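Only one structure is covered here, and it is reproduced in the block below.
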Amino acid sequence: MSAELIERYVQEVSRRLHESQREDVSRELRSSIYDEVEHRFGPEPTDEEVVAYLRELDPPEQAAAGYRPELLYLVGPAWFPAFRTVVKIVLPIQIGLILLGFVIRTFTDTGFGNFGGEIFGFLGAVVDASVYSFGMIVLIFFGLERLEMRRPAKQRRSAKVWEPRSLPDSRPHDRVGYANAVTSIVVSIVFLALLHVFASDVGIRTGAEGPPLLNDVYQRHLPWISASILISIAYWTVLLIQGRWTWITRFARLASDGFGLWVFYRVVTDVVAHRPALVGAGIEGPVISIIERSLWLSFAVAVAIVVVTNGVRFYRALTGRRQVADGVGPVDGAPVTMTGSDS
Amino acid sequence: MMMTPDEKAEFEQKLILELRRGLVSLAALGALRSPTYGYSLRQRLVDAGFDIDQGTLYPLLRRLDAQGLLESDWNVEGNRPRKYYRLSPDGAALLGRLKTHWDEQVEVLNRLFANPEGDES
């Protein structure tokens, strides 16, 4: 148990480090902890002694931050990995969506003639949206950073006496990825904001005056889409606080995904029901078929993703438990022994 | 705006930390007379009266190593792998210059403390 606690600590520090230094730092950190524990408590320390020693160390996030260079920053070392992940996810998706809109427009826009102008328009939209999203992501993380820094030093998370036993379980199938949870929350917030900020632009533009085609469908479903995203944000927040998967959160995830699929299905069927409106707006039958097929294909892909990810999650939970029950669980073994100091 | 006692204590702590932060590198370089691994170096510093936690020392050693002031090797003999650090030629030269600078500063401060009014009297 005491060796596992040390492993959990080392693991929590190392997973916050850059890959290039992860192995070296964790090796040295592990070695030094074992040295110190053995020096203080002898070759066979009790769990209580190890816990007492670990409490003296910096909490994992603070210990990991010490290995990164100090800079003046908007987004500090503790938040930067999550920030970078969010940017890497949001910007490509956004550019992809704009590109998709551009492609659809080339099929549907009856007034599409000035190709050079359209390209510049597309590039302008990419730059605009990227700057907007990037700024928003920076703002969110800056807020998180400042909230932490504005608190009196004694009340900061890093300054509190922390509890080593609360470290996430080192069994990989139970552990919630910290960066993954933060990334999901931030991406959801950004996505939700974008859906509302650009609500009047969603739909198919045909060159005619007024709101884009199908914008009314989008507006009608926007509350449900928002509810689905808010449920997801709440869900990830709970996971972030708990730090580990439980059967309740696994089933909650399934329910949350199911609700999202239900909303998606309603949107798709509503769009399909509006075929006459598209025909009336002068969009050709083959183009409408492409749009409908694309939506159904997207829905099928979403269903497949939900089935596979949830299936894998439940499978890992079941097989992981069986392994632990058999005494061969995937607990990372301590690669160094507590005994045999040669210091 | 007056500071509360807690804020005063926190401010004082911050000043002490800043003072120590400037000395940590010098102390670590100065204590690396022979190849030493992190835990042993920390013990050496603590025994000499320079209390330093491992969350400060280990990242510092890595930074000094990355800057070429230290050289390091893993020793995997024995039951536990250990990373040994030693001064590089650049590190030894820098240590010499820092010690000279430190001695000068100590002299200046001692002069100031002994005669805060200067030579005006």
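Being a predicted model, the structure only gives us computed values, none of them experimental. Labels below follow one simple rule: chain letters A, B, ... track the order of the sequence lines, proteins then strands, and each chain is numbered from 1.
No more than 12 heavy-atom neighbours from other residues, nucleotides or ligands sit within 6.0 angstrom of CD on Glu107(B). Counting non-hydrogen atoms of neighbouring residues, nucleotides and ligands closer than 6.0 angstrom, the CZ atom of Phe50(B) exceeds 12 such neighbours. For Trp74(B), the CH2 atom counts as densely surrounded, since its 6.0 Å shell holds more than 12 non-hydrogen atoms of other residues, nucleotides or ligands. Remark: Ile248(A) CD1 is loosely packed, at most 12 non-hydrogen atoms of other residues, nucleotides or ligands lying under 6.0 Å away. Applying the 6.0 Å contact sphere to CD of Glu23(A) captures no more than 12 heavy atoms from other residues, nucleotides or ligands.
Shortest non-hydrogen contact noted between Pro59(B) and Gly66(A) is CB-O, 3.0 Å. When all heavy atoms of Ser31(A) and Arg82(B) are compared, the closest pair comes out as OG-CG, 3.7 Å. The minimum heavy-atom distance linking Arg80(B) with Glu38(A) is given by the pair NH2-OE1, 3.1 Å.
Using a 4.5 Å heavy-atom cutoff, the side chains of His39(A) and Tyr39(B) are in contact. Put simply, the side chain of Gln43(B) reaches to within 4.5 Å of the side chain of Glu36(A), judged on heavy atoms. With a 4.5 Å cut-off on side-chain heavy atoms, Asp24(A) and Arg62(B) count as touching.
Rounding to the nearest 0.5 angstrom, the gap separating the CG atom in Leu57(A) from the CG atom in Asp53(B) is 8.5 Å. Rounded to the nearest 0.5 angstrom, Glu28(A) CD and Tyr58(B) OH are separated by 6.0 Å. To the nearest 0.5 Å, atoms CG (Asp35(A)) and CZ (Arg42(B)) are separated by 11.0 Å. The CG atom of Leu57(B) sits 9.5 Å away from atom OG of Ser32(A), with the distance rounded to the nearest 0.5 Å.
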Lys83(B)/Val25(A) under side-chain contact (heavy atoms from CB on, under 4.5 Å): CA gap, chis, key distance, verdict: CA-CA 10 Å; Lys83(B) 192 172 190 179; Val25(A) 169; over 6 Å; no
